[in-house]
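Just below is one structure, and these are the notes that go with it.
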Amino acid sequence: MEDMKKRNVFDVLKERGYLAQVTHEDEVRELLGRESVTFYIGFDPTADSLHVGHFIQVMVMTHMQRAGHRPIALVGGGTGMVGDPSGKTDMRKMMTRETVEENSRAFKKQFSRFLDFSEGKAMLVNNADWLLDLNYVEFLREVGVHFSVNRMLAAECFKSRLEKGLSFLEFNYMLMQSYDFLVLNRKYNVKLQLGGDDQWSNILGGVDLIRRVEGTPAYGMTFNLLTTSDGRKMGKTEAGAVWLDPDKTSPYDFYQYWRNVDDADVKNCLALLTFLPMEEVERLGSLKDEKINEAKKVLAYEVTRIVHGEEEAEKAKAASEALFGRGSSDAQVPGTTITRDEFMENSNIVDLLFLVKLIPSKGEGRRLIKQGGISVNEQRISDINHTLTDSDLEDGSLMIRRGKKVYHKVTVE
RNA sequence: GGGGGAGUUCCCGAGUUGGCCAAAGGGGGCAGACUGUAAAUCUGUUAGCUCAGCUUUCGGUGGUUCGAAUCCGCCCUCCCCCA
């Protein structure tokens, strides 16, 4: 990782497959190789935690910071009040000011795990600070004049919305984000904005604005969204997004998510989501058939380690090996602890499944059992009315398996 | 502001001579088989519950009726054409 300092980050990012589009490829590359550049990435506070879609941006910021550049994570406390229409087909729900502020705080906390904020090496700003008190007429005169509606309507990001409808509120999003870039350029000499590829139009808006208003160069660069080989967005599970918050997605589930990616996506994930040297990425990514499971283990471990720390990564790995391999059975397996009374009152298998939230409804539980999807201590349950007793407990706990790979340990105390 | 159209179960999308609709079909999800904790494929399943019965659903609300997703009134939202 040390040798990254010597190489131009631009080349690193390109080699690893992050880059999607660059406004001025040669100039940006030269700039990054010449001086310490302050850049920013915006995050919309649409939820109370970052998810894997954000994580790729965080990885980019980390690569950049390691190369001596200064990242600014911008939380969209102001833009979040409007909602980005890019690529969306439906109108966004408007969030209340309180929700936006709450989410912004949660983001702040998570960023500090990945970036070094000491001595001004990274910054976190909230565009609510300058957007919320804007004077409408002044804004129109300073920023609005520079935007051509004709060009905006032609932009790719509005296309789908032109068919389904686009409110004036959302139409303004591009101006706000462009203004962000301008403000940051003036305040902190930010010359470069990064973002997901869906942000291309918005980034271009800011680049153009700065060049017009300030007459100084500004650049933009976008990254490929984390998608599967067949183009679907990654990071979605039956339970929703894969979150970075351990309370929303446990380290074990997080580990399992990466352990189970498609063969075809392993290499890409290793390059984008870990810091492993590219030679290693190439080697692991080219493994075939059963062998590629090794690569998936490395992927799962590394990503979990970066996000949740070494200790949690070890635990997740141990638990996985215990359940799917031969490891010791004593490993930390996800589970629930219930009281003796609860166990007695919910001795019916369906009730118990419901109690520990392995099923969303009892109807679902009955269905699962009918289809052979539930096992207790590796014994398939076939009867909906199956009742559990003390004899099912081993050292005060029993292991339930739902489907092929969802394990849940129930401990009775 | 004027005229026209639409709002269905996770999503898309059938269904309007009122009962046979918890609601076609597809997608997605889940489960089973096959496997490598993969993909593809095949099969089953996909509102809830005290589950061979019952309860709550078809934008909201109030009606008509023995009975309404299907008919009527009002409201909300969205789309299209005109301004």
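In what follows, every chain begins at residue 1, and chains take the letters A, B, ... in the order their sequences are listed.
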Atom pair distance, as rounded to whole Å: [atom1] in [X] and [atom2] in [N]:
X	N	atom1	atom2	answer
A/Arg259	B/rG36	CZ	C1'	8 Å
A/Leu353	B/rC30	CG	P	17 Å
A/Ile369	B/rC30	CD1	P	18 Å
A/Leu368	B/rC30	CG	P	11 Å
A/Lys291	B/rA39	NZ	P	20 Å
A/Lys405	B/rA38	NZ	C1'	7 Å

Checklist entry - Can you check whether A/Lys297 reaches A/Trp258 side chain to side chain, under 4.5 Å on heavy atoms? => result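 No, too far: nothing below the 4.5 Å cut-off.
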With no hydrogens and no angle check, do the side chains of A/Tyr301 and A/Glu314 hold a donor and an acceptor under 3.5 Å apart?
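On atom types as modelled, these side chains qualify, holding a pair under 3.5 Å.
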Has the side chain of A/Glu290 got a donor or acceptor atom sitting under 3.5 Å from an opposite partner on the base of B/rU35?
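Under the 3.5 Å cut-off, the side chain and the base do not form any donor-acceptor pair.
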With nearest nucleotides of RNA chain B determined for A/Pro360 and A/Asn293 from heavy-atom distances, which residue corresponds to the more 5′ nucleotide?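 Here A/Asn293 is the residue nearer the 5' end.
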Taking the six-membered ring for Trp, is the centroid-to-centroid distance between A/Tyr407 and A/Tyr252 below 6.0 Å?
->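 No, they do not, as the ring centres are separated by 6.0 Å or more.
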- When you compare B/rC66 with B/rG13, how far apart are their P atoms, in angstrom units rounded to a whole number?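 That atom pair is separated by 37 Å.
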For B/rU64 and B/rC81, measure between their C1' atoms and round to the nearest Å.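 It works out to 35 Å between them.
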I'd like to know if the side chain of A/Asn135 reaches the main chain of A/Glu138, judged simply by a donor and an acceptor atom lying under 3.5 Å from each other, with no hydrogens or angles considered.
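Yes: the side chain of A/Asn135 pairs with the backbone of A/Glu138.
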Just checking A/Gln379: does its CD atom have more than 12 heavy atoms from other residues, nucleotides or ligands closer to it than 6.0 angstrom?
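Atom CD in A/Gln379 is not packed in, count stays at 12 or less.
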Quick one: which protein N/O atoms are closer than 3.5 Å to N/O atoms of nucleotides 41-47 of chain B? Pair and distance per line, please.
residue, atom, partner, partner atom, Å
B/rG44, N2, A/Gln371, OE1, 3.0
B/rG44, N2, A/Gln371, NE2, 3.2
B/rG44, N3, A/Gln371, OE1, 2.8
B/rU45, O4', A/Gln371, OE1, 3.4
B/rU45, O2', A/Arg367, NE, 3.3

